[in-house]
Amino acid sequence: MSTPPKTSDNFIEELIAEDLANGKHGGRIHTRFPPEPNGYLHIGHAKAVVINFEIAKKFGGTTNLRMDDTNPSTEETQFVDNIQNDIKWLGYTWVGDTRYASDYFDELYQLALRLIDKGLAYVDDSTAAEIEAQKGDIGVPGTNSPFRDRSPAENRRLFEGMKAGEFTDGSKVLRAKIDMAHPNLLLRDPVLYRIKHEAHHRTGDTWCIYPLYDFAHGQSDSIEQITHSLCSLEFRHHRDLYNWLIEALEIFPSRQIEFARMNVDYFITSKRKLKLLIEEGVVDGWDDPRMSTLAGLRRKGFPAEAIRNFCIDTGVTRRDNQQTLDLLEFKVREVMNRDADRYMAVLDPVKLVITNYPDGQTEQLDTENNPEDESRGTRALPFSRELYVERSDFRKEPQNRKYYRLAPGKDVRLKSAYIIHCEGHEEDEAGNVTQINCTYYPDSRSGEDTSGVKAKGTLHWVDAATATDLEVRLYEPLFTDPTPMDHPDRDFLEFINPNSLTVVTAKGEQALASAGVGESFQFLRQGYFTVDPDSTTDRPVFNLTVGLKSSFKG
RNA sequence: AGACCUAUGGUGUAAUUGGCAACACAACAGAUUUUGGUUCUGUCGUUCAAGGUUCGAGUCCUUGUAGGUCUACCA
């Protein structure tokens with residue numbers, strides 16, 4: 001493991017340790033991750049996944065995966081499949097089959113009847129607008145619905161009628177009977193069930209009434225005997241209702257604990273906004289490498305291990321936090337530096353001719369695959385008179401003594417090959433460099449250098465005759481502002497970075513052409529790149545995963 | 001306005017629960033280097049404010065201040 005395990009407990013672990021010490025649930029720990037299948041998982045979800053799975057693991061417990069699918073209008077099976085895939089990819093295995101809140105619709109309905117029979121819920125004929133008006137306001141008590149005092153028997157009859165499809169959408173709802181003056185607005189007789197004559201992605205037309213979040217989530221936790229229900233801070237106010245229902249229904253007392261969600265610079269994590277980016281054509285889809293989705297980050301090449309380490313190391317607290325992209329990228333480099341083989345590819349090629357190298361001659365040079373991991377071995381590199389090097393590695397005039405790349409009169413080492421001496425260049429009428437001319441020191445061959453020439457700089461290069469074309473997609477953050485949502489006066493779309501994607505044709509080592517989708521490499525001196533699924537045998541496509549750190553100023 | 005939550009370097013997270021404020025990232029400087037990468041060393045800089053309790057307060061109390069959340073038949 002590249003990341004040492006954290007030693008101290010976070011506040012959730014402290015609370016759980018307390019429960020354990022008090023003998024709660026006989027020492028059993030069971031958590032759950034409850035996504036709504038109406039979109040793809042993003043970096044913020046990853047945090048919740050990691051917290052739920054890691055904490056359970058730490059205490060020898062298990063974790064369920066449950067689709068919170070109580071709203072037939074927005075949910076799709078396509079999303080279910082992707083969510084499952086993402087969690088597995090992150091490296092986690094939930095216990096048993098995937099659960100669905102919709103599997104509990106019968107039980108939930110029975111629980112609703114129980115509440116009705118106890119006089120703790122009623123059917124309300126008020127319109128949505130009327131219910132809103134009854135709600136009161138912050139600091140202003142609400143008013144009782146005129147239907148609040150219907151008898152349990154009447155409520156039961158009406159609720160059964162709702163289920164039987166006797167009423168139209170919106171004509172009736174089931175409400176909990178709590179307190180219209182409660183300081184927590186959520187306890188002012190919240191709506192529990194609504195009528196929706198709409199097909200559900202799993203139950204089809206079986207139901208025309210569907211429970212709301214507050215009458216599905218907590219109850220599902222109880223049904224699954226979840227001991228600790230870990231969720232983000234915005235559900236704090238729901239906890240009062242969560243607990244009220246546990247008592248009213250006399251069901252298994254799961255304990256909800258809230259933590260602060262993780263925000264990351266240059267990423268947005270609103271599913272609605274992510275969807276908008278797709279609809280507006282700003283990105284190509286949920287798995288566009290510029291997206292904050294796990295599908296996007298995976299396609300871009302981020303290793304699951306790096307995302308996991310990032311989520312773990314950023315900790316669990318109750319305060320608002322804004323994580324830097326720097327740390328995420330550090331975690332990515334940390335893993336890829338260890339794992340990725342080094343190859344050479346020239347992103348902006350310019351021809352370099354070694355004038356004293358015999359025309360038509362080719363030799364094979366040895367180069368290590370990964371200096372961090374000797375077991376990765378070496379490979380052969382073809383070398384001949386004509387090469388490609390990076391345009392930015394040449395200056396018509398040397399800059400200063402801190403510059404040790406190519407310029408007239410300068411000596412540089414070609415990685416794993418020879419030291420060359422820059423003689424001059426050719427250019428077109430516009431002054432663009434079209435060719436760099438050099439001579440080489442025949443006795444400076446890598447590994448057996450007796451030339452005595454010292455070259456401060458080492459450049460990557462590729463043999464022109466055998467080089468293969470690569471499509472390389474270079475990414476920058478999707479936004480020009482680290483927190484595009486934090487401008488109340490401006491739309492987040494105003495902060496779209498016009499340079500978020502640049503496509504270039506690079507010259508790469510031939511071996512790169514046969515790399516498999518998802519394979520990652522370090523392109524020497526440039527960054528980590530990962531093979532995109534758009535690749536064809538004719539045209540391999542590489543995504544920039546993350547650039548190398550560079551202390552070069554110039 | 002009411003209720004609830006939060007406050008430690010630039011960012012994030014710790015602090016044996018009242019005992020020398022530390023770790024990571026970032027930044028800066030240097031060493032090593034056939035990647036201006038990696039690795040190594042060093043520097044920088046922190047307890048929201050004011051009172052109080054105490055031999056001793058980041059930690060406990062009081063009062064402020066700042067930020068966040070909540071009035072969907074979404075989750």
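Every chain is numbered from 1 and lettered A, B, ... according to where its sequence line falls, protein lines coming before strand lines.
Distance check on atom P: B:U69 versus B:G36 gives 46 Å, rounded to whole Å. Here the separation of B:U71 from B:G2, taken at their C1' atoms, is 11 Å to the nearest Å. Comparing the P positions of B:C61 and B:U54 gives a spacing of 16 Å, expressed to the nearest Å. B:C5 and B:G9: their C1' atoms are spaced 24 Å apart (whole Å). Rounded to whole Å, the separation between the P atoms of B:U59 and B:A1 comes to 28 Å. Across the C1' atoms, B:U8 and B:C23 are found 13 Å apart, a figure rounded to whole Å.
Between the base of B:U35 and the side chain of A:R525 there is no donor-acceptor pair shorter than 3.5 Å. Applying the 3.5 Å distance criterion, the base of B:G10 shares no donor-acceptor pair with the side chain of A:Q322. For a distance-only test at 3.5 Å, the side chain of A:H460 fails to qualify as a donor-acceptor partner of the base of B:U35. Side chain A:R342 to base B:U35: a donor-acceptor pair is found below 3.5 Å. You'll find a donor-acceptor pair under 3.5 Å spanning the side chain of A:Q522 and the base of B:U35, going by distance alone.
Across all strands shown, the partner of B:C28 is B:G42, judged by Watson-Crick or G-U wobble contacts whose two distances both fall under 3.5 Å. Across all strands shown, B:U65 forms a Watson-Crick or G-U wobble pair with B:A7, both key distances being under 3.5 Å. With a cut-off of 3.5 Å on both Watson-Crick or G-U wobble distances, the partner of B:U35 is given as none. As the counterpart of B:A57, no nucleotide is assigned, since no Watson-Crick or G-U wobble pattern has both distances under 3.5 Å.
Within 4.0 Å (heavy atoms only), A:Y213 reaches at least one base atom of the nucleic acid. Residue A:P371 is in base contact, counting any heavy-atom pair closer than 4.0 Å across all strands shown. Contact annotation for A:G136: base contact, defined as any heavy-atom pair under 4.0 Å involving a base atom. Nucleic acid contact class of A:T367 (heavy atoms, under 4.0 Å, all strands): none. Here A:L233 lies out of heavy-atom contact (under 4.0 Å) with every strand. Among the atoms of the strands shown, base atoms are found under 4.0 Å from some heavy atom of A:S446. At the heavy-atom level, A:K172 lies nowhere under 4.0 Å from the strands shown. Within 4.0 Å (heavy atoms only), A:L548 reaches at least one base atom of the nucleic acid. Within 4.0 Å (heavy atoms only), A:Y210 reaches no atom of the nucleic acid at all. If you check every strand for non-hydrogen atoms under 4.0 Å, A:K415 touches a base. Looking at heavy-atom distances under 4.0 Å, A:G447 makes contact with a base. If you check every strand for non-hydrogen atoms under 4.0 Å, A:Y193 touches nothing. Among the atoms of the strands shown, only primed sugar atoms or phosphate atoms (P, OP1, OP2) are found under 4.0 Å from some heavy atom of A:E36. A:R188 comes within 4.0 angstrom of no nucleic acid atom, judged by non-hydrogen atoms across all strands.
Here the P atom of nucleotide B:U34 and the OH atom of A:Y440 are 22 Å apart, to the nearest Å. The distance between atom OH of A:Y528 and atom C1' of B:U35, rounded to the nearest whole Å, is 10 Å. As a whole-Å value, the separation of A:D137 CG from B:U71 P is 11 Å. Separating the CG atom of A:L241 from the C1' atom of B:C74 is a distance of 15 Å, rounded to the nearest angstrom. Atom CD of A:E258 is separated from atom C1' of B:A75 by 15 Å (rounded to the nearest Å). Between A:R319 atom CZ and B:G12 atom C1' the separation is 9 Å, expressed in whole Å. Atom NE2 of A:H200 is separated from atom C1' of B:C74 by 14 Å (rounded to the nearest Å). Between the CG atom of A:L325 and the P atom of B:A26 there is a distance of 12 Å, rounded to whole Å.
Of all heavy-atom pairs spanning A:P382 and A:D463, the tightest one is O-CB, 3.2 Å.
With salt bridges taken as basic N to acidic carboxylate O contacts below 4.0 Å, one links A:E509 and A:R379. The residues A:R333 and A:E329 are annotated as salt-bridged, a charged nitrogen and a carboxylate oxygen being separated by less than 4.0 angstrom. Salt bridge present: A:E258 and A:R318 bring a charged side-chain N and a carboxylate O closer than 4.0 Å. A salt bridge is defined here as a Lys NZ or Arg NE, NH1 or NH2 lying under 4.0 Å from an Asp or Glu carboxylate O, and A:R32 with A:E224 fails to meet this definition.
Among the nucleotides B:C74, B:G37, B:G12, the one closest to any side-chain atom of A:N321 is B:G12. When distances are taken from the side chain of A:L185 to each of B:G36, B:U71, B:A75, the shortest belongs to B:U71. Listed nucleotides: B:A75, B:U35, B:A26. Nearest to the side chain of A:N71: B:A75. Nearest nucleotide to the A:L327 side chain, out of B:C70, B:U34, B:C25: B:C25. Considering only the side chain of A:T324, B:U11 comes nearest among B:U11, B:A75, B:U38. Each of B:A27, B:G36, B:C4 was ranked by its minimum atom distance to the side chain of A:K549; first place goes to B:A27. When distances are taken from the side chain of A:T314 to each of B:A72, B:G12, B:G36, the shortest belongs to B:G12. You'll find that the side chain of A:R318 is closest to B:C5, out of B:C5, B:A75, B:A14. Out of B:C25, B:U38, B:C73, the shortest distance to the side chain of A:F330 is found at B:C25. The side chain of A:T317 lies closest to B:U13, out of B:U13, B:U35, B:A75.
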Taking N or O atoms only and anything under 3.5 Å, show me the protein contacts with nucleotides 16-22 of chain B, one pair per line.
from, atom 1, to, atom 2, distance (Å)
B:U17, O4, A:E14, OE2, 2.8

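A ring-centre distance under 6.0 Å is not found for A:F11 and A:F259. Aromatic rings from A:H238 and A:Y213 are positioned such that their centres are separated by under 6.0 Å.
Ring geometry for A:F105 versus A:W207: interplanar angle over 60°, hence perpendicular rather than tilted (30 to 60°).
In this structure, B:U17 is classed as syn because its glycosidic torsion stays within 90° of zero.
Checking side-chain atoms of A:S254 against main-chain N and O of A:I226 turns up a donor-acceptor pair under 3.5 Å.
Residue A:H217 is tested with A:L212, A:T70, A:D68, A:L245 for a side-chain contact (heavy atoms from CB on, under 4.5 Å); the sole match is A:D68.
The residue among A:V191 and A:P183 whose nearest nucleotide of RNA chain B lies closer to the 5′ end is A:P183. Both A:D68 and A:D449 lie close to RNA chain B; mapped to their nearest nucleotides by heavy-atom distance, the more 5′-ward contact belongs to A:D449.
Relative to the six-membered ring of A:Y210, A:K196 misses at least one condition, a distance below 6.0 Å or an angle of at most 45° to the axis. At least one test fails for A:K415 against the ring of A:W461: distance under 6.0 Å to the centre or angle within 45° of the axis.
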